[in-house]
Amino acid sequence: MADIVSLADGVRELVHDGDVVALEGFTHLIPFAAGREIIRAGLRDLTLVRMTPDVIYDQLIGAGCARKLVFSWGGNPGVGSLHRFRDAVQNSWPVPLEIEEHSHAGMANRYVAGASGLPFAVLRGYTGTDLAAQTPTIKPITCPFTGETLTAVPALNPDVSVIHAQRADRNGTVQLWGIAGVQKEAVLAAKRSLVTVEEIVEDLEPVPGQVILPSWAVTAVAEVPGGARPSYAQGYYERDNDAYQAWDAIGRDRETFSRWLTELLGVEEPA
Amino acid sequence: MADIVSLADGVRELVHDGDVVALEGFTHLIPFAAGREIIRAGLRDLTLVRMTPDVIYDQLIGAGCARKLVFSWGGNPGVGSLHRFRDAVQNSWPVPLEIEEHSHAGMANRYVAGASGLPFAVLRGYTGTDLAAQTPTIKPITCPFTGETLTAVPALNPDVSVIHAQRADRNGTVQLWGIAGVQKEAVLAAKRSLVTVEEIVEDLEPVPGQVILPSWAVTAVAEVPGGARPSYAQGYYERDNDAYQAWDAIGRDRETFSRWLTELLGVEEPA
Amino acid sequence: MTPTGSADWTADEMMSVAASHALAGVTSCFVGIGLPSTAANLARRTHSPDLVLVYESGTLGSRPTRLPLSIGDGILAETAEAVVSVPEIFNYWLQPGRIDVGFLGAAQIDRFANINTTVIGHDYAEPKVRLPGAGGAPEIAASCGEVIVVVRQSARSFVERVDFVTSVGYGRGPGDRERFGLRGRGPSRVITDKGILEPDPATCELTLTSLHPGVTVAEARESIGWDLRVSPDLTTTPPPTADELTVLRGLTDPEGSR
Amino acid sequence: MTPTGSADWTADEMMSVAASHALAGVTSCFVGIGLPSTAANLARRTHSPDLVLVYESGTLGSRPTRLPLSIGDGILAETAEAVVSVPEIFNYWLQPGRIDVGFLGAAQIDRFANINTTVIGHDYAEPKVRLPGAGGAPEIAASCGEVIVVVRQSARSFVERVDFVTSVGYGRGPGDRERFGLRGRGPSRVITDKGILEPDPATCELTLTSLHPGVTVAEARESIGWDLRVSPDLTTTPPPTADELTVLRGLTDPEGSR
């Protein structure tokens with residue numbers, strides 16, 4: 001059964017230097033507060049996994065937490081580039097960043113394989129692109145019945161996956177709804193999982209389109225209201241588009257970013 | 001977009017002699033009325049596909065509609081054996097029945113592969129059992145990353161899949177809830193699909209746990225109240241356990257079954 | 001709990017109670033229909049109220065208010081923590097080994113706890129008796145942390161070697177599960193109407209380790225199709241309590257199941 | 001509809017309207033963010049009210065009341081016919097070829113309509129510019145019935161050969177898609193702020209087939225990084241109607257998007 005913990009304790013107990021860490025949330029329910037807590041915890045040499053390393057990973061990369069990034073799309077949605085990500089890839093600032101690059105379909109299927117206890121997944125993908133030549137985790141596989149050649153990608157099994165959800169009950173059963181992305185797969189694929197939630201409630205009123213993660217499939221739950229800001233939590237708050245715009249200026253310049261970071265490290269996450 | 005049709009027209013337009021036909025519904029929402037209509041239509045040489053060929057397939061097999069059965073569990077749940085199925089396998093009555101036998105996990109993954117446009121699926125299954133030796137559609141496959149040997153099964157892509165759902169709207173968008181089984185996969189894997197529903201409504205009020213099949217992914221929808229009896233339709237009616245018990249006596253004896261069949265052929269499905 | 005005597009219960013009741021005891025301390029159980037479902041629901045109603053019941057129909061954490069009549073009984077969905085698709089229950093929940101105990105029945109079981117639910121007779125194409133088939137059992141037997149089998153004893157059901165291996169126990173003996181790449185530990189107990197059989201740690205052969213009250217070793221051995229070994233540490237199964245019998249009868253009573 | 005003159009609209013507006021026209025008669029469209037999303041939503045608000053919009057975030061049949069700001073904008077889920085997981089949208093809906101049209105943008109596009117959204121520069125390890133990457137584009141380009149690309153013309157974006165093939169158009173020419181096992185027909189139109197390019201049926205090379213009103217062939221060719229062929233049947237793109245411009249401005253106006 002999942003433990004109910006504070007965000008700070010959850011991060012310190014479950015995330016360690018050098019871990020493979022996935023913070024998921026597809027535009028919706030992005031675990032920003034947990035990301036900031038990972039920065040505060042001063043974690044290093046992480047292999048960060050995420051389909052869409054947007055602003056949350058720009059912050060982690062700029063703060064020097066990451067040694068490697070496994071991803072399929074790295075941008076600031078609706079705004080432009082991730083300048084910290086670019087600076088790390090192009091100039092190794094603040095530390096070199098190794099990348100392992102896939103497509104969304106490939107990443108999604110890697111999580112599915114991980115959640116399914118399989119070492120790999122099969123899809124129609126990558127053929128004819130230049131990605132396969134750059135990414136060793138893309139290989140051809142032959143159908144034993146038709147002889148057709150398809151593409152195999154290896155399972156993703158993070159040491160820890162972190163997601164944000166709308167609610168949990170006191171037993172640690174998690175409920176989320178709206179765009180569900182790949183969060184269920186990320187949690188089920190991981191050795192450990194940390195779920196931040198808007199609120200912990202007595203009873204989880206069923207919601208159409210809900211995804212339920214039973215308590216026994218989750219390691220720890222932390223109540224972090226607003227934990228997905230500046231992304232959104234359907235039914236709780238809207239996306240703060242101005243903050244995404246504002247990040248462009250912060251991330252663009254090393255000094256400005258460093259000031260942002262210094263300020264962050266001085267401020268405790270409200271929990 | 002799906003056509004709204006009568007059950008009789010739907011079966012006659014979409015199901016043909018010799019077709020590979022899947023009628024799905026895992027204990028819940030079993031399309032019994034459509035099965036009876038297939039018998040009435042006098043269809044022959046069908047390859048019948050279904051994870052749990054229970055009473056519905058006992059009826060189709062006894063009526064001589066089937067040349068082959070692809071399945072993973074053939075019994076009368078909570079009652080015992082399927083006597084028509086046994087009689088066909090053991091005594092070729094009324095016609096010989098070829099069988100292709102899998103496990104539930106294998107069948108479910110075959111539908112998933114079919115729905116995904118892949119020629120095969122990979123699972124951990126069958127190893128050490130005697131099934132693999134009897135079923136040519138079970139083959140080993142090697143992970144290109146770890147070298148581990150797993151099991152591959154080919155995609156199921158029925159000519160037509162038939163399911164029963166609680167509701168559809170006038171555009172033919174289908175909504176079902178409760179135990180959803182493998183119906184979505186069966187419909188998406190098939191070349192054509194027929195969905196019988198309890199009722200056609202103006203608006204599909206969202207229901208927690210609902211599965212939606214968009215109209216453009218369905219071929220035809222027929223309004224058939226009670227179309228899942230004697231199985232159940234959550235929110236509409238309970239399982240008629242007495243009917244399953246009664247079937248044991250009907251199916252056990254060829255004469256009794258033949259009387260049942262004669263009566264069925266004389267009676268039109270209420271539509 | 002008032003003590004009871006063997007006159008106060010049937011052999012089936014003893015079997016279900018013993019099977020329910022086997023679930024003490026277990027978090028999650030993948031439940032086959034029939035005797036296993038009765039025992040699992042008894043366990044949840046008595047010593048293990050938080051036991052997570054998982055059924056192959058896709059219901060996770062069901063708390064049925066009556067005994068389900070099939071693995072897809074509506075009561076399982078209505079009382080479930082979550083209902084998922086059949087592909088998901090097998091791929092995301094069973095296959096990775098998330099479920100502690102797989103609870104199975106058997107038409108035939110052999111010396112090495114291999115299970116047959118496919119055909120009686122040695123010719124698959126021309127079977128003496130055609131059984132329902134595999135269902136979810138092969139992967140339950142392969143992937144659950146351990147497997148508990150609940151089956152009534154009879155010479156027909158307990159055989160030297162099953163006619164057809166539908167679900168693997170220990171194959172032909174030690175090392176076979178590893179050879180087959182099966183990740184669960186395999187059958188830990190076979191609970192019958194006479195007693196409890198467990199695999200010998202060295203040979204994997206099913207051995208009588210416990211006798212139900214009032215049953216003699218001779219009675220337990222006579223209906224086994226091989227020379228059943230008896231554990232030196234043979235014990236007597238604790239009898240059902242009055243409370244357990246009350247709950248069990250409430251579950252199995254036809255009135256209770258409407 | 002009142003006729004309009006090229007003074008009445010911007011080149012971007014002409015591009016979006018032309019792109020929306022390309023969706024006439026289409027059942028379903030897999031929508032990339034940015035210009036494609038604007039055009040797809042314009043189509044649904046004008047000539048194709050039943051157009052099924054599919055976004056990679058898992059929303060099927062969304063009817064957003066304003067222009068979504070990202071492919072995961074909450075308005076897409078709130079107005080969707082169904083919301084499915086990201087694995088399902090790619091595996092069950094895109095991969096089997098259920099979606100008629102894939103609507104993509106591009107940072108770089110070449111003579112054979114191959115798309116680059118990964119890196120500028122020829123050294124992947126040391127790129128001149130690191131772009132966002134593939135996202136859903138490679139499989140959209142591979143599996144949709146056809147692909148429509150919406151991109152502003154510039155010598156930087158229209159190149160003889162892309163630095164990196166993120167999403168395959170026609171590879172190096174006829175037969176490559178078949179050789180790669182790509183099941184969709186590939187890019188049928190590239191709609192720019194100057195006109196419309198279509199692959200030559202024989203050579204697969206992008207060719208100018210339509211000029212937007214007020215644009216000259218010279219203007220269309222000057223910002224293309226290869227010797228752009230002009231179709232003998234060159235036509236003029238129908239101008240936006242006043243109604244289309246009203247709807248489009250309602251969609252893109254920041255006020256409309258709060």
Side-chain angles (χ1 to χ4, degrees), chain B residues 25-28 51-54 71-78 80-82 85-86 88-90 99 101-109 111-112 115 123-131 133-134 148-150 177-185 209 211 231-234 238-239 241 244, chain C residues 33-34 55-59 68-74 76-78 80 82-91 94-95 114 116-118 124-139 141-143 162-168 171 176-177 179-183 257-258:
Chain B
F26 202 86
T27 319
H28 179 216
M51 291 181 67
T52 56
D54 41 28
F71 76 110
S72 43
W73 190 87
N76 183 343
S81 299
L82 296 175
F85 163 59
R86 274 192 173 186
V89 171
Q90 297 174 213
I99 62 172
E101 187 165 6
H102 279 270
S103 69
H104 278 352
M107 285 291 283
N109 278 289
Y111 278 120
V112 168
L123 72 154
R124 298 183 181 279
Y126 301 103
T127 50
T129 75
D130 288 337
L131 268 170
Q134 299 298 339
E148 188 178 0
T149 302
L150 296 107
W177 63 90
I179 289 171
V182 74
Q183 285 100 302
K184 177 189 251 185
E185 289 76 13
V211 171
S231 78
Y232 71 103
Q234 191 170 320
E238 302 250 304
R239 189 171 188 262
N241 297 300
Y244 280 83
Chain C
I33 204 58
Y55 287 82
E56 66 193 23
S57 54
T59 59
L69 297 177
S70 81
I71 45 81
D73 193 313
L76 295 174
E78 287 154 21
V83 179
V84 301
S85 72
V86 165
E88 179 176 328
I89 202 74
F90 282 103
N91 291 348
L94 176 60
Q95 185 167 262
N114 302 297
N116 174 18
T117 54
T118 304
Y124 176 80
E126 304 282 340
K128 282 210 207 68
V129 182
R130 172 67 231 194
L131 300 169
E139 286 76 25
S143 297
V162 289
D163 298 349
F164 190 98
V165 178
T166 309
S167 304
V168 178
D176 268 9
R177 287 191 68 88
R179 202 162 18 256
F180 296 142
L182 307 178
R183 303 199 297 177
S257 69
R258 299 311 305 120

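Lettering of chains follows the sequences in order, A, B, ..., and the numbering in each one begins at 1.
Of the listed residues Ser167(C), Pro138(C), Ser57(C), the one with more heavy-atom pairs under 4.5 angstrom with chain B than any other is Ser57(C). Top candidate by heavy-atom pairs under 4.5 Å with chain B, chosen from Gly58(C), Pro132(C), Gly72(C), is Pro132(C).
Of all heavy-atom pairs between Thr166(C) and Thr129(B), the closest is O-CG2, 3.3 Å. Contact record, His102(B) with Ala134(C): O-CB, 3.9 Å, taken as the closest heavy-atom pair. The minimum heavy-atom distance linking Pro87(C) with Ala108(B) is given by the pair CA-CB, 4.0 Å. Ile71(C) approaches Phe26(B) most closely through the heavy-atom pair CD1-CE2, 3.1 Å.
At least one side-chain heavy atom of Leu131(C) sits less than 4.5 Å from a side-chain heavy atom of Arg86(B). Counting heavy atoms from C-beta on, the side chains of Leu82(B) and Arg130(C) never come closer than 4.5 Å. The closest side-chain heavy-atom distance from Ser103(B) to Glu139(C) is below 4.5 Å. For the pair Thr118(C)/Gln134(B), no side-chain contact is recorded, criterion being any heavy-atom separation below 4.5 Å from C-beta on.
Contacts of Ser72(B) classified as side chain to side chain donor-acceptor pair (under 3.5 Å), with partners at least two apart in sequence or in another chain: His104(B). For Tyr232(B), the ring-ring contact (aromatic ring centres under 6.0 Å, His included) criterion is met by His28(B), not counting sequence neighbours.
Neither the backbone nor the side chain of Tyr244(B) comes within less than 4.5 Å of any heavy atom in chain C.
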